[in-house]
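Remember, it's a predicted structure, so these values are computed and weren't measured experimentally. Whatever order the structure lists ligands and atoms in, that order sets their numbers, starting from 1. For reference, positions follow the sequence shown, starting with 1.
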Amino acid sequence: MFINKEEFKEAFIRKLEEKIGKKKDQASEQDAYLALGALISERINQKWLQNNQKGTESRDKQVYFFSMEFLLGRLLGNNLLNLDMLSLVKTGLNELGFRFTSIEEKEKDAGLGNGGLGRLAACFLDSLASLDLPGHGYGLRYKYGMFDQRFIDGNQVELPDQWLSQEYVWKVRREEEAVEVRFGGHILTHEQEGKLHFEHVDYEQLRAVPYDVPVIGYHNDTVNTLRLWSAEPTEEDILVKAKKEHSCQNLLDHQRSLESITEFLYPDDSTEEGKRLRLKQEYFLVSSGVQCVIRSFEKLDLSWSLFPDYKKLHINDTHPTLIIPELMRILMDEKKLGWEEAWQITQASVSYTNHTTLSEALETWPVEMIRSLLPRIYMIIEEINERFCRMLWESSPGNFDRIAKLAIIADGQVKMAHLSIVGSSSVNGVAKMHTEILKKREMKLFYDIFPDRFNNKTNGISHRRWLMYVNPLLTNAIDEAIGEQWKKEPERLQDLLYQIEDASFLDTLNEIKQKNKQNFASWVEDKTGVQLDPTSIFDVQIKRLHGYKRQLLNALHIIHLYNQIKCNPTSNLTPRTFIFGAKAASSYHFAKKVIKLINTIAQIVNNDADVKDKLKVVFLENYSVSLAERIIPAANISEQISTAGKEASGTGNMKLMMNGALTLGTMDGANVEICDVIGNDHMYSFGLSAEEVQAYYDTGIYSAKETYEEDERIRRTLDQLIHYSPFSKGGTEFREIYDELLFNNDEYFVLRDFNSYVNTQQQISYDYQDIRNWNRKCLVNIAHSGVFSSDRTIKSYAAEIWGLNSHNTVNGLGEENGM
Ligand SMILES: *Cc1c(COP(=O)(O)O)cnc(C)c1O
């Protein structure tokens with residue numbers, strides 16, 4: 001790429017002059033960012049071109065990963081790391097008088113996602129490229145990503161995320177690859193030589209234009225593609241409209257309404273119009289992606305029956321489920337295959353990942369909405385449903401109940417998960433426990449019919465971004481202890497276990513954590529004015545705000561600690577800093593109340609002379625990938641406290657573990673597997689098990705009110721939400737939270753798990769006193785975190801679901817597993 005630092009410096013200065021028109025001494029950090037981005041992109045483009053050629057010529061099987069979300073965060077640092085240019089660029093820029101870290105921060109996060117699901121998609125792309133596998137992402141180029149969160153008076157306010165307000169450097173617009181997508185209209189049916197033909201008329205047509213983002217492999221020659229589609233009017237459409245309208249303003253309004261499809265990540269779904277828009281988005285992604293895959297297959301000039309041997313389409317949760325009927329539509333209506341053949345091809349090429357056990361989160365669409373927006377697609381879904389129901393009937397005649405439960409269309413709704421299962425060859429959960437719950441409970445009836453289809457793929461995270469990039473100090477220390485092999489084979493982190501009795505290595509770990517905490521503390525002080533004590537325990541809960549994730553349990557514990565200190569100001573409690581980051585969905589009223597509560601607690605605790613040296617609470621605004629990257633290296637405790645059975649996997653737990661934080665968690669999602677590898681002594685588990693939670697739901701015998709009445713500590717803490725306390729805000733503000741717990745019977749068992757949680761927290765405070773032993777536990781966590789690399793996850797998707805081969809066997813993938 002660059003032969004040496006001097007060559008880089010020269011090229012950079014030239015780029016500043018050519019692109020920005022400035023000499024190095026006049027250039028701002030923003031200028032430097034844009035010049036650097038342009039320079040690196042050019043270099044990437046050469047590799048990218050070679051890769052695209054290689055892809056076509058070698059006829060490798062390709063995977064297309066469809067996801068409505070890709071939570072990429074910033075790319076500069078990660079790209080440089082993967083290109084093996086990070087230290088060269090850093091020192092080069094520093095020598096030119098720039099600060100690399102400030103330049104890096106000029107990049108806006110690509111926040112095209114909401115949480116774990118979108119971040120998983122981003123880590124998967126990183127692993128695919130780094131394992132030299134031909135796998136590409138298909139997503140949407142939302143003009144506004146996840147909202148920009150601010151707190152005003154402790155309340156969440158949402159600003160539009162203007163990530164495209166400055167030039168986005170990591171993309172190429174591919175005009176020539178645009179496709180057309182149709183909505184609405186009617187279907188005319190003709191019969192010709194005994195065959196039915198379907199003609200779509202009166203539709204509205206849109207152009208889908210791809211913006212390609214390069215995905216760079218770690219220290220290899222692979223550059224894959226993340227293709228983000230953007231909605232635009234067709235030229236024809238504009239001309240027709242122009243003839244009718246005669247007004248530029250109306251024309252622009254029309255154009256904007258068409259472009260609105262890719263305007264927002266989450267259109268406001270409180271209105272019918274907003275819901276419709278979301279459905280349009282899903283089909284827009286699906287149709288443009290499938291057309292593109294078909295086009296690429298046709299270039300190979302092979303028989304259609306070979307399609308599944310060359311193309312795999314993966315759906316990240318049910319949002320892109322319409323690829324099933326869309327692929328059927330194209331194969332039948334355009335390529336003239338019969339139903340049976342089209343169905344075999346579709347099923348064999350599509351695979352599906354389920355991300356939730358929360359039945360209220362399973363996606364459904366009103367029949368009427370699909371029928372009017374996508375008339376031909378609806379006909380195909382109906383036919384899939386009829387054939388499936390017929391099969392059910394034949395295997396168990398008269399069992400209406402089973403058919404009613406399993407049907408794809410029921411009660412005027414299309415059930416997307418059912419369509420996904422019926423129309424694909426693989427259904428996977430994202431952690432062992434989650435997959436078991438799918439098989440034994442949520443999807444049991446489907447599992448009984450298609451037992452071979454169900455499998456587990458425990459989530460993972462890119463150790464390149466979440467360790468090497470975010471925590472250079474720890475990375476260096478690991479290199480010195482065990483060499484660098486772990487970077488290509490993260491399981492080798494286990495070699496660190498030889499250091500378990502090495503006092504000087506344990507001290508090094510401690511110093512690194514201390515340093516990271518100091519850095520973070522000074523950043524927080526800059527940003528918020530709050531002073532943190534780097535010797536206190538940094539106790540971190542960062543994730544979407546949701547009832548089941550139980551930020552409320554954490555908050556109630558802080559109130560409890562506050563009470564303890566107030567009662568006994570001289571007690572020597574281990575000082576704690578509670579760090580939160582979380583966005584609440586716009587329409588999720590309860591979650592917003594919890595944000596307000598935590599901010600209120602922070603306000604009071606941080607300013608109370610009796611407690612402020614022992615407790616601090618910071619709720620950082622705008623939780624995002626970049627913020628996660630700052631917090632994680634500084635964490636001592638990783639709060640993974642969801643109600644057991646509710647968190648499908650979690651990936652935040654893995655990132656924190658990899659950086660030497662100890663997990664305080666329920667036996668839920670991937671926490672169970674973390675516990676399996678490190679052992680119970682190296683994490684803090686508490687609370688009801690998933691079975692116990694389920695038993696309570698089944699029997700209905702849990703009474704939050706009884707728990708409250710019988711336990712004075714709980715009663716006291718809870719009462720403070722509505723009276724007798726500085727937190728209660730005149731009694732009205734947090735009444736809803738109080739009522740939810742007491743009178744709505746505490747759906748997520750916050751009160752039931754309270755004592756177990758408090759006691760475990762006490763144990764943590766005690767254990768932290770013995771810092772040597774604490775660091776030993778941290779070491780065990782880091783050493784066992786390699787299996788949670790997304791490289792491991794992707795290797796098993798590749799081998800067991802997609803049947804993919806690496807072009808290059810260096811990374812040790814097994815041979816093709818014919819599916
Ligand atoms: C990893 C990550 C998540 C997922 O966190 P969980 O704790 O697994 O819910 C969400 N948001 C961002 C920005 C992340 O980086």
Side-chain angles (χ1 to χ4, degrees), residues 67 69-75 77-78 108-127 145-149 161 163 265-266 316-317 355-358 361 429-431 433-434 458-467 469-471 539-551 553-554 579-585 591 620-633 635 637-643 646-659 661 663-666 668-674 785 788-790 793:
S67 179
E69 302 188 16
F70 286 92
L71 194 50
L72 299 174
R74 294 185 178 127
L75 292 182
N78 205 242
K108 302 213 156 121
D109 267 50
L112 309 181
N114 174 23
L117 175 150
R119 184 55 231 173
L120 184 78
C123 283
F124 278 9
L125 293 181
D126 184 70
S127 286
M146 191 60 195
F147 64 79
D148 181 2
Q149 179 198 51
D161 161 49
W163 72 292
L265 170 63
Y266 282 108
N316 195 28
D317 216 332
H355 283 270
T356 184
T357 58
L358 305 183
V430 290
M433 182 173 162
H434 169 57
T458 299
N459 279 170
I461 54 162
S462 162
H463 62 286
R464 288 168 290 275
R465 179 178 288 263
W466 295 108
L467 174 52
Y469 172 62
V470 303
N471 202 340
D539 182 326
V540 168
Q541 189 171 21
I542 45 174
K543 47 186 74 254
R544 283 179 301 121
L545 213 134
H546 201 288
Y548 84 80
K549 290 178 182 277
R550 298 199 294 192
Q551 281 92 353
L553 178 57
N554 190 343
I579 297 156
F580 291 88
K583 289 177 182 174
L620 293 161
E621 285 176 331
N622 204 34
Y623 182 55
S624 56
V625 172
S626 294
L627 184 56
E629 289 169 356
R630 283 199 179 280
I631 298 171
I632 288 170
I637 288 293
S638 161
E639 299 256 5
Q640 308 301 337
I641 60 178
S642 51
T643 311
K646 299 285 182 188
E647 187 75 89
S649 162
T651 48
N653 45 4
M654 302 168 185
K655 299 168 194 165
L656 284 151
M657 166 196 192
M658 198 175 264
N659 283 273
T663 303
L664 164 56
T666 46
D668 198 16
N671 297 352
V672 178
E673 285 157 79
I674 290 178
S785 66
F788 298 107
S789 166
S790 45
T793 315

Dump all N/O pairs between ligand 1 and the protein below 3.5 Å as a table: atom names plus distance, one pair per row.
| unit_1 | atom_1 | unit_2 | atom_2 | d |
| --- | --- | --- | --- | --- |
| ligand 1 | 7 (O) | Lys543 | NZ | 2.7 |
| ligand 1 | 8 (O) | Thr651 | N | 2.7 |
| ligand 1 | 8 (O) | Gly652 | N | 3.0 |
| ligand 1 | 9 (O) | Lys549 | NZ | 2.8 |
| ligand 1 | 15 (O) | Lys655 | NZ | 2.6 |

Considering residues at least two apart in sequence or located in another chain, which fulfil the side-chain contact (heavy atoms from CB on, under 4.5 Å) criterion with Tyr266?
-> Glu69, Asn114, Arg278
Partners passing side-chain contact (heavy atoms from CB on, under 4.5 Å) against Ile632 (at least two apart in sequence or in another chain) = Trp466, Ile542, Ala628, Lys655, Leu656, Asn659
Is it true that Arg465 and Asp126 make a salt bridge, defined as a side-chain N closer than 4.0 Å to a carboxylate O?
-> no
Where Ala121 and Ser67 come nearest, the two heavy atoms and their spacing | CB-OG, 4.0 Å
Taking Thr663 for the side chain and Ser638 for the main chain, is one N or O donor matched with an acceptor at less than 3.5 Å?
-> no
Partners of Phe147 by side-chain contact (heavy atoms from CB on, under 4.5 Å), sequence neighbours excluded?
-> Gln149, Gln156, Glu158, Lys583, Ser586
